[in-house]
Amino acid sequence: MPRVYLDVYFCYATGGVWVLLFGLYAVRLARRGAFQSDRVDKMGGSALVGRGIMEATYWAIEPLLRGMARVGITPNGVTWGCLVLGTAAGVAAGAGWFGLACLLATMSTIGDILDGQLARLTSKSGDRGELLDAAVDRYTEFALIAGIAILVRASWWQLSLALGALLASFMISYSTAKAEALGVKPPRGLMRRHERAVYLIVGTGLVPLLRPHIVARGWPYTAPVLIALALVAIIGNAAAVIRFVRIHRSLP
C-alpha cells in the first residue's frame with residue numbers, strides 16, 4: 001500500500017479516540033454535569049481552545065492517571081516518554097508522514113498533561129521535575145515545527161511560516177519565564193502551550209485526510225499545516241508582544 005494511503009489510517013486512529021472521548025464526555029455532561037479540575041480552573045479556557053475541551057481531556061485521563069500511580073510510574077518517566085514521542089513526531093513530519101506525526105504528537109501532548117497531574121497526585125512535584133518538564137516542552141515543540149520546516153525548506157514562504165511559528169512559541173514561553181523572574185504575574189494571553197499544540201496537531205492530521213482534494217485544486221498538499229503555522233505565527237507573535245507590554249507596565 002502506498003505511503004500516502006497508509007498514513008491516513010494514523011489520522012483515523014487519532015480522530016477515533018477523540019470522537020469516542022467527546023462522545024463519552026457528552027454523556028457525562030448530561031448525567032453529572034461538567035468535570036471539575038483545579039488545573040483547568042487555574043489555566044482557564046480561551047477563544048482559541050474552549051474550557052469544555054480542556055475539561056473533557058482532563059476527565060478522560062483521570063482513570064489512566066490513577067492506573068499509572070498504582071503501578072508506580074513516575075512523573076519524570078512520563079516526561080522522558082513525552083520527549084521520545086515528541087521527537088519521533090518531528091522526525092515523522094520531516095519525512096512526510098503527517099498522520100503518524102499527528103498520532104505521536106497527540107500522545108506526547110497527553111503525556112505532558114499526565115506528568116504534571118501525576119506529580120500532584122503522588123505528591124512528587126518539585127523544582128527538578130518542573131525544570132525537566134519545561135525543558136522537554138521546548139524540545140518537543142521545536143521537534144514538530146522543525147520537522148515541518150525541513151520538509152518545506154525548498155519553499156521560502158512555507159519555511160517562513162514555520163520559523164514564524166517557532167519564534168512565537170519561544171517568545172511566549174520566554175515572556176512567561178521573564179515575568180516570573182521579575183516577580184510579575186505572567187499575563188495569560190493567547191496561543192499558550194496547549195493551544196499551540198492543538199492547532200499544530202489538527203493541522204498536521206488534516207494533511208493526509210484532505211490531500212487528494214487539496215492537490216486537485218493545485219494547492220500545496222501541506223496547506224492545512226501551513227494554515228496552522230500561520231495562525232500560530234501571527235496570533236502567537238502578536239500575543240507575545242502584548243505580553244511584554246503588559247509585563248513592562250507591571251514593573252515598578
Side-chain angles (χ1 to χ4, degrees), residues 35-46 48-49 51 53-55 57-62 64-90 104-146 166-201 232 236 239-240 243-244 246-247 250-251:
F35 176 70
Q36 299 298 317
S37 168
D38 294 339
R39 185 63 176 167
V40 175
D41 290 338
K42 181 179 179 180
M43 296 174 64
S46 76
L48 299 179
V49 177
R51 183 185 177 93
I53 295 176
M54 297 173 63
E55 289 172 343
T57 303
Y58 277 79
W59 170 79
I61 67 170
E62 191 73 14
L64 179 59
L65 186 66
R66 299 192 180 281
M68 294 170 71
R70 288 193 191 97
V71 299
I73 296 176
T74 65
N76 283 353
V78 177
T79 304
W80 285 114
C82 292
L83 178 61
V84 173
L85 291 168
T87 302
L104 293 171
T106 298
M107 294 170 64
S108 178
T109 301
I110 291 175
D112 182 42
I113 299 172
L114 282 169
D115 60 5
Q117 294 294 93
L118 186 61
R120 296 178 188 91
L121 180 64
T122 58
S123 300
K124 293 183 178 179
S125 58
D127 292 340
R128 291 183 177 181
E130 290 186 12
L131 178 63
L132 176 63
D133 182 55
V136 168
D137 283 352
R138 303 288 79 73
Y139 279 115
T140 54
E141 190 167 14
F142 170 81
L144 181 58
I145 298 176
L166 189 62
L167 175 63
S169 69
F170 281 89
M171 291 308 292
I172 289 175
S173 300
Y174 177 71
S175 69
T176 299
K178 194 62 178 178
E180 292 174 345
L182 293 170
V184 175
K185 183 178 179 180
R188 295 175 73 171
L190 298 175
M191 275 302 171
R192 291 170 291 175
R193 160 72 173 153
H194 65 284
E195 294 168 336
R196 298 192 301 271
V198 168
Y199 278 73
L200 291 174
I201 288 172
V232 172
R243 278 169 170 253
F244 281 112
R246 290 179 177 173
I247 292 168
S250 299
L251 295 174

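Numbers here are sequence positions counted from 1.
- To the nearest 0.5 Å, atom CG of residue Leu104 and atom CG of residue Leu85 are 6.0 Å apart.
- Between the side chain of Glu180 and the backbone N or O of Ala177, no donor-acceptor pair lies under 3.5 Å.
- Side chain of Arg196 to main chain of Met191: a donor-acceptor pair is present (N/O by atom type, distance under 3.5 Å, no hydrogens or angles).
- Between atom CG of residue Asp137 and atom OG of residue Ser108 there is a gap of 8.0 Å, rounded to the nearest 0.5 Å.
- Ala89 and Leu144 make their closest contact through O-CD1, 4.2 Å (heavy atoms, listed as atom of the first residue, atom of the second, distance).
- The line from OG of Ser173 to CZ of Arg138 is 3.5 Å long, rounded to the nearest 0.5 Å.
- In this view, Glu62 and Phe35, Leu65, Arg66 satisfy the side chain to side chain contact (heavy atoms under 4.5 Å, CB included) rule, not counting sequence neighbours.
- With sequence neighbours left out, Arg193 forms a side chain to side chain donor-acceptor pair (under 3.5 Å) with Thr140.
- Phe244 CZ to Ile172 CD1: the interatomic distance, rounded to the nearest 0.5 Å, is 9.5 Å.
- Expressed to the nearest 0.5 Å, how far CG of Leu64 lies from CD1 of Ile113 amounts to 11.0 Å.
- Relative ring orientation between Phe142 and Phe170 is described as perpendicular, the plane-to-plane angle rising above 60° on a 0-90° scale split at 30° and 60°.
- Residues forming a side chain to side chain donor-acceptor pair (under 3.5 Å) with Ser169 (at least two apart in sequence, or on another chain): none.
- Val78 and Met68 get closest at one heavy-atom pair: CG2-CE, 3.2 Å.
- Applying the side chain to side chain contact (heavy atoms under 4.5 Å, CB included) criterion to Arg120, with sequence neighbours excluded, gives Arg39, Gln117.
- To the nearest 0.5 Å, atoms NE2 (His194) and OH (Tyr199) are separated by 10.0 Å.
- Contacts of Thr176 classified as side chain to side chain donor-acceptor pair (under 3.5 Å), with partners at least two apart in sequence or in another chain: Arg243.
- Residues passing the side chain to side chain contact (heavy atoms under 4.5 Å, CB included) test with Leu182, sequence neighbours excluded: Lys178, Val184, Ile247, Leu251.
- Under the rule for a side chain to side chain contact (heavy atoms under 4.5 Å, CB included), Ala143 has no partner lying at least two apart in sequence or in another chain.
- Every pair passing side chain to side chain donor-acceptor pair (under 3.5 Å) that includes a residue from residues 77-89 is listed here, sequence neighbours excluded: Thr79-Asp115.
- The only option from Leu118, Leu132, Val136 that meets the side-chain contact (heavy atoms from CB on, under 4.5 Å) definition with Asn76 turns out to be Leu132.
- Annotation: salt bridge (charged side-chain N to carboxylate O under 4.0 Å, His left out) contacts involving residues 73-89, sequence neighbours excluded, are absent.
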